[in-house]
Amino acid sequence: QRIVAQCFIDNFEEFRQRDTYRPLADAVSAITGVTESVADVKNDWRYAREKIIAELQRRGYTYITVE
């Protein structure tokens with residue numbers, strides 16, 4: 001999840017709204033050296049995003065919304 005989140009953050013400007021997970025899976029695969037499935041990367045990103053949001057809310061950021 002940490003690698004997926006880092007890849008998303010590093011490359012988010014390159015992702016399109018509708019085609020995010022295939023390029024994200026490719027970026028993660030480039031780091032891990034293993035072909036990552038889109039479904040696995042999607043699940044990992046959603047779980048990591050929930051953790052990030054929970055931590056930010058715990059620190060007092062209450063205006064966070066998720067699409």
Go through Leu24 and Asn11 one step at a time and tell me if the side-chain contact (heavy atoms from CB on, under 4.5 Å) criterion holds.
-> CA-CA 8 Å; Leu24 182 57; Asn11 299 293; 5.9 Å; no
Applying side-chain contact (heavy atoms from CB on, under 4.5 Å), run through Asp19 and Arg22 and close with a yes or a no.
-> CA-CA 7 Å; Asp19 186 28; Arg22 167 52 43 208; 3.7 Å; yes
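- Side chains of Val41 and Ser37 form no contact here, defined as non-hydrogen atoms less than 4.5 Å apart.
- Closest approach of Ala48 and Ala5 over heavy atoms only: CB-CB, 4.1 Å.
- Between the CZ atom in Arg46 and the CZ atom in Arg49 there is a gap of 6.5 Å [rounded to 0.5 Å].
- The distance from atom CD1 of Ile52 to atom CD of Gln1, rounded to the nearest 0.5 Å, is 9.5 Å.
- Hydrophobic clustering, with ILVMFWY side chains joined whenever heavy atoms are under 4.5 angstrom apart, groups Ile3 together with Phe12.
- A continuous path of Ile, Leu, Val, Met, Phe, Trp and Tyr side chains, each step under 4.5 Å between heavy atoms, connects Tyr21 with Ile31, placing both in one hydrophobic cluster.
- Cluster membership for Val38 and Trp45, using ILVMFWY side-chain heavy atoms within less than 4.5 angstrom, is shared.
- Between Thr20 and Phe8, some side-chain heavy-atom pair lies under the 4.5 Å cut-off.
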side-chain contact (heavy atoms from CB on, under 4.5 Å) evaluation trace for Val34 with Ser29 = CA-CA 5 Å; Val34 178; Ser29 295; over 6 Å; no
